[in-house]
Structure formats: structure tokens, C-alpha cells
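The structure appears right after this line, and notes come after that.
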Amino acid sequence: MSAGAVVVLVLAAFAVTVVIGIVRGAGGDAEAVPAHGLAAPTGGSDGPEPSSAASDTVLVHVAGAVRSPGVYALPRGARATDAIAAAGGFAPDADRAIVNLARDVSDGEQLLVPVVGAPPPAAPTSAAGDTIVDLNTADAAALDTLPGIGPALAGRILDWRTENGRFASVEDLLAVPGIGEKLVDGLRDRVRV
């Protein structure tokens, strides 16, 4: 083989490596995150460097009947189907009908895939024993169970979510017409995002 052919092969292999790296970076492929939840530091610092990319990802703990349970970094706006795919897909005994694959996943959440025949997991509760309502997934009926929220405010919350996307924090409720500081303070222990 001539020296020119070797150079062409080396350049072609380098180009393929670069293209694969770009596709993976732009495609938002999920990557497993070490159990402690932090990626290995890059550069010469003593810890992970803050980056703007961190705000573009969410960490989701995928557990239960999946092929590779673990904590996965997913692009913000990912759905349950993306989290399950990152975990290798459903295990053979997974109860697929229980999981809403179209729902958005949020940072810090645990997505539990039950096995067929297992009882559904209990809704999270507050210290007082009240059910905690997720502002990003609740329907009007669930929002209406909250103190101070009736059908009209529940509708406004849903309208705000439709127009603006996910609630990033409980304080985002202040942007909903008719909701003030006092009401938000009373809801802090009853809602999550």
C-alpha cells in the first residue's frame, strides 16, 4: 500500500470519528451518569466545572423493569420514552401499559417501571399525609384538590402550562393570573415540579 493511500485511510477514519462525535453531541443521546450523579471532571479543576450545558440536561433515575436501571442524563424536554430507551428498553416482564411514554420527565425524578401484576406505586405525600401534586403533569381534577385552587384557577394553571411549557419551580405559579405570594406559600408543601 502506498503512503498516499495510508494517509487517505487515516484521514477518512479521523473524519468518521469526528462526524460520530458531532452526531452524538447534537442528537442529545442519553448517557449514563455515575451513581453519585456527577460526571467525571474535565480539565484541571478539583471538581466538575459548571457549564451552560448542565441547564440543558435533566438527570432521571430509571428503575424497575428496564434492562439497565440507573441514573441517566437526558436533554431537557425529554419524555419517558427517551428515559426508558436510555435504560436499554423495557425488561420482558415490564407492565408497559402503566407507563405514560409521552409525558415529560423532570430533573431529579425517579421513573419506576412496574412488573406485570405489581400494584401501582403510591402517590407521593407531604409530611401531613396529603398527596403531593406535580404541577407539570397534574390535570384539572388533581389541581382542584389543592387548598385555594378551584376549577377557575386550575384552568388558569393548565392554560399557563400550555402557553409557557413546564413549571421550573413552584414560584412560577406567581405568573399565573389570580395566584399571589400567600397562595403560593400555602401550596409549597403540597406541590412539586
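Note that this is a predicted model, so its numbers are computed, not measured. What's counted below: heavy atoms across the whole structure, side chains too, no hydrogens, waters or symmetry copies.
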Side chains of Pro114 and Val99 in contact at under 4.5 Å (non-hydrogen atoms): yes
Nearest-0.5 Å distance that lies between atom CD1 in Ile179 and atom CG in Leu173: 5.0 Å
For Val115 and Asp95: C-alpha separation, side-chain torsions, deciding distance, then whether side-chain contact (heavy atoms from CB on, under 4.5 Å) applies. CA-CA 5 Å; Val115 297; Asp95 191 349; over 6 Å; no
Please list all pairs meeting ring pair (Phe, Tyr, Trp, His ring centres under 6.0 Å) that have one or both residues in residues 139-190, counting only residues at least two apart or in different chains. Trp160-Phe167
Audit row: Glu109, Arg192, salt bridge (Lys or Arg N to Asp or Glu O under 4.0 Å) steps and yes/no: CA-CA 11 Å; Glu109 115 170 54; Arg192 68 176 181 173; over 6 Å; no
Asp159: which residues meet the salt bridge (Lys or Arg N to Asp or Glu O under 4.0 Å) condition with it, sequence neighbours left out? none
Could you go through Gln110 and Val71, starting from their C-alpha distance and side-chain angles, then the distance that decides it, and tell me whether this counts as side-chain contact (heavy atoms from CB on, under 4.5 Å)? CA-CA 9 Å; Gln110 181 184 54; Val71 176; over 6 Å; no
Are Val113 and Leu101 connected, step by step, through hydrophobic side chains (Ile, Leu, Val, Met, Phe, Trp, Tyr) whose heavy atoms are closer than 4.5 Å? yes
Before you tell me yes or no, could you show the steps for Thr145 and Thr131 under side-chain contact (heavy atoms from CB on, under 4.5 Å), namely the whole-Å CA-CA distance, both residues' side-chain angles and the distance that decides it to 0.1 Å? CA-CA 9 Å; Thr145 66; Thr131 300; over 6 Å; no
Who are the salt bridge (Lys or Arg N to Asp or Glu O under 4.0 Å) partners of Arg96, not counting sequence neighbours? none
Show the numbers, then the answer: is there a side-chain contact (heavy atoms from CB on, under 4.5 Å) between Thr57 and Leu74? CA-CA 5 Å; Thr57 60; Leu74 300 168; over 6 Å; no
Checking Asp185 now: which residues fulfil salt bridge (Lys or Arg N to Asp or Glu O under 4.0 Å) with it, not counting sequence neighbours? Arg188
Can you tell me how far CG of Leu59 sits from OG of Ser106, rounded to the nearest 0.5 angstrom? 11.0 Å
Check side-chain contact (heavy atoms from CB on, under 4.5 Å) between Ala91 and all other residues, then give those that pass, not counting sequence neighbours. Ala65, Asp93
Please name all residues satisfying salt bridge (Lys or Arg N to Asp or Glu O under 4.0 Å) with Asp104, sequence neighbours left out, ordered by chain then number. Arg79, Arg166
Is there a continuous path of hydrophobic side-chain contacts, each under 4.5 Å between heavy atoms, that joins Val116 to Val62? no
So, does Asp172 use its side chain to make a donor-acceptor pair with the main chain of Ala168 at under 3.5 Å? yes
Between Leu174 and Leu187, is there shared hydrophobic-cluster membership here, with clusters defined by ILVMFWY side-chain heavy atoms closer than 4.5 Å? yes
Atom CG of Leu143 and atom CD1 of Ile149: how far apart are they, to the nearest 0.5 Å? 7.5 Å
Between Leu111 and Arg103, the two heavy atoms sitting closest are CD1-NH2, 3.3 Å
To the nearest 0.5 Å, tell me how far Ile84 CD1 sits from Ser68 OG. 13.0 Å
